[in-house]
Each structure stands twice: as C-alpha cells, then as structure tokens.
Amino acid sequence: MKDNYNRDITYLRISVTDRCNLRCTYCMPEEGIDLIPHNDLLSFEDIVEFTRTAVSMGINKVRLTGGEPLVRKGIVDLVRMLWNIEGIKDLSLTTNAVLLKEFAKPLKNAGLQRINISLDSLDKERFAQITRRDKLTEVLEGIEEAIRVGFKQIKLNCVIEKSKNEPDAVAVSKYAEEKGLQVRFIRTMNLEKGEFWIVDGGEGGNCSICNRIRLSSCGKVLPCLFSDLGYSIREFGNEKAILLALENKPKSGTVSSNNQFYTVGG
Ligand code: SAM
Ligand code: SF4
C-alpha cells in the first residue's frame with residue numbers, strides 16, 4: 001500500500017505493552033509511568049485480527065516492541081499466532097534482554113526470526129546508571145542464549161549521546177565484533193523537541209524512505225513517531241484506521257507531545 005508520497009508501507013511495529021522492567025533515563029522517568037489500564041490494552045485476539053487486516057493490505061514485515069515485550073504475559077503465544085498469519089515474511093522483536101535467557105528458545109520455536117537487543121554499555125555501573133537497574137549480567141546471559149539458539153539475525157541497538165566514539169559505544173562495538181553481531185547506533189532523540197536523526201546502521205529516522213506504521217499498546221494506528229496523529233482501531237475499525245494513517249502519513253516528522261518511546265516502541 002502506498003501513502004500520498006509514494007512510499008510503499010510494508011512494515012508494522014506493534015507495541016504490546018507500556019510496562020518495562022528497566023527505567024532508561026532517555027525513555028522513562030525514575031518513578032515509572034501512569035500505566036494504561038489493563039482493559040485498554042489490546043488483547044492478543046485484537047492484535048492478531050489487526051495484523052491479519054494489515055497483511056491483507058500490504059504489510060509483510062512485523063516487529064514486536066514495547067515497553068518491554070517480554071514482560072507481556074503470553075508473549076510466546078502471540079508470536080506463534082502472528083507467525084501463523086499467511087503473508088508475514090519477517091517477524092522480529094526488540095527487547096532489553098533482561099528476560100531473554102528464559103525466552104529465547106521458546107520465541108525461536110514459536111517462529112520469531114530476528115531479534116534486536118538494546119545494549120548501551122558493558123560497564124556494570126554505567127549500565128545501572130543508564131537503565132536505573134543493575135541487570136547487565138542478566139542481559140549478557142540473555143544475549144548468549146539468543147546466540148546459542150541461533151536466530152536468523154541478532155542486532156544490537158546502542159543509544160549514544162552524539163557519537164559512536166563515546167567510550168560505552170566503542171566497548172559495545174568491540175563486543176559485537178567479538179560475538180559476530182551487527183550494531184545500530186541511535187542518537188538520543190527527543191519527541192517533544194522534534195530531535196531525531198538517521199540511525200547509523202539502520203533505516204530509522206530517514207523520512208523519505210519510511211515504510212512504517214505503528215500500532216500502540218492501547219490500539220491506535222500511528223503514521224509517524226514524530227507526529228501526534230493516531231487513529232483508534234476501536235473507533236474506526238482496523239481497515240479504516242490503517243487507511244486514515246496511510247492518507248495522513250506526514251512527508252516528514254516534526255514533533256510529538258502524545259507519543260512516548262515506551263508506548264510506541266521506538
Ligand atoms: N524495551 C525494549 C528495548 O529497550 O529494546 C523495546 C522498546 S524500546 C522503547 C525500543 C528502542 O527505543 C530501544 O532500542 C531504545 O534504546 C530506543 N529508545 C528509547 N528511548 C529513546 C530515545 N529517547 N532516543 C532514541 N532511542 C530511544
Ligand atoms: Fe524500557 Fe526499552 Fe524504554 Fe529502556 S528503552 S525504559 S528498556 S522500554
């Protein structure tokens with residue numbers, strides 16, 4: 001399906017929860033957030049039904065994100081349900097890896113093909129400073145398990161302040177090389193100030209080739225991360241909400257006061 005600027009929209013990112021077991025300084029406040037009431041969260045049936053419609057309209061690539069997708073109860077079942085939809089060529093997930101040691105194998109068995117893992121530092125204290133949780137050991141064990149299980153692709157997402165020459169980023173680069181993993185360096189963005197950059201080693205942040213729409217955990221189809229536009233699937237139904245997002249997808253992002261990385265998943 002094409003938007004008004006002739007971009008072919010083939011990629012759907014689904015945020016399955018706004019909850020998270022870390023509190024990264026650039027993403028969430030220390031005290032946590034006002035959680036979406038459970039009844040407002042989309043059920044797995046809602047998500048699968050929506051995805052089926054999206055795939056029938058031209059989506060072929062799906063990524064699960066959050067908050068932290070592995071804290072959503074039954075996430076492995078959701079992966080299995082989505083992988084059963086005919087027409088999905090690529091199913092992936094973005095995670096902080098805190099729970100990945102436990103989930104890597106079941107996720108792979110359920111059909112998950114690729115995984116992106118967030119890792120900003122290899123220094124225990126720096127990691128705890130950035131994420132406000134002392135979980136580096138669990139994360140590294142999660143990465144080892146993902147490698148062992150043998151996903152088609154594992155990428156690391158490393159958030160940097162300005163440059164990939166910062167000490168934390170250099171260490172992550174070296175670690176990735178040792179483990180044979182790719183790294184994407186993401187400069188810290190600010191939704192409210194409209195500060196975003198092209199992702200080094202990825203496709204994000206480049207409006208002219210943007211092929212994405214997003215489904216938020218409370219059921220809005222978002223045409224752009226850096227915009228306040230959003231169309232509720234409860235109000236419009238799946239197809240109409242997708243068409244509205246497509247018709248109104250801005251040529252390029254500006255600012256967003258509604259969206260947060262933890263509700264829309266980056
Ligand atoms: N919890 C999972 C994780 O951290 O991988 C998935 C959701 S998280 C919101 C998705 C991605 O967004 C992560 O790679 C994270 O580093 C990135 N992110 C969050 N806040 C950001 C910000 N202000 N600027 C740039 N990237 C950000
Ligand atoms: Fe949680 Fe991911 Fe946000 Fe960090 S970036 S607080 S891990 S949702």
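Counting starts at 1 for both ligands and their atoms, following the listed order. Since the structure is predicted, the reported quantities are computational estimates derived from the model, not experimental observations.
Among the backbone and side-chain atoms of Cys27, an N, O or S atom lies under 2.8 Å from atom 3 (Fe) of ligand 2.
Residue contacts with ligand 2 include Gly67, since one or more of its heavy atoms lies under 4.0 Å from the ligand. Contact analysis puts Gly67 in contact with ligand 1, with a non-hydrogen atom separation below 4.0 angstrom.
With hydrogens left out, the protein atom closest to atom 11 (C) of ligand 1 is Gly265 O, 4.2 Å, a heavy atom. Given atom 4 (O) of ligand 1, the protein heavy atom at minimum distance is Ser118 OG, 3.3 Å. Looking only at heavy atoms of the protein, atom 6 (S) of ligand 2 is closest to Cys24 N, 3.3 Å. Distance from atom 22 (C) of ligand 1 to its nearest protein heavy atom, with residue and atom name: Phe261 CE1, 3.5 Å. Residue, atom and distance of the protein heavy atom nearest to atom 2 (Fe) of ligand 2 are Cys20 SG, 4.4 Å.
Below 4.0 Å from some heavy atom of Asn157 lie the following atoms of ligand 1, by number and element: 14 (O). The atoms of ligand 1 that sit less than 4.0 Å from any heavy atom of Thr188 are 24 (N). Distances below 4.0 Å separate heavy atoms of Thr65 from the following atoms of ligand 1: 6 (C), 7 (C). Near Asn96, with a cut-off below 4.0 Å to any heavy atom, the atoms of ligand 1 are 2 (C), 3 (C), 5 (O). Interface atoms of ligand 1 facing Val159, defined by a heavy-atom separation under 4.0 Å, are 16 (O), 26 (N).
Thr51 OG1 to Asn84 CG: the interatomic distance, rounded to the nearest 0.5 Å, is 12.5 Å.
Both the backbone and the side chain of Thr94 come within 4.0 Å of ligand 1, judged by heavy-atom distances. Heavy atoms of Leu22 found under 4.0 angstrom from ligand 1: none, in either backbone or side chain.
With Glu68, Met189, Arg187, Met28 as candidates, the residue nearest to atom 23 (N) of ligand 1 on a non-hydrogen basis is Met189.
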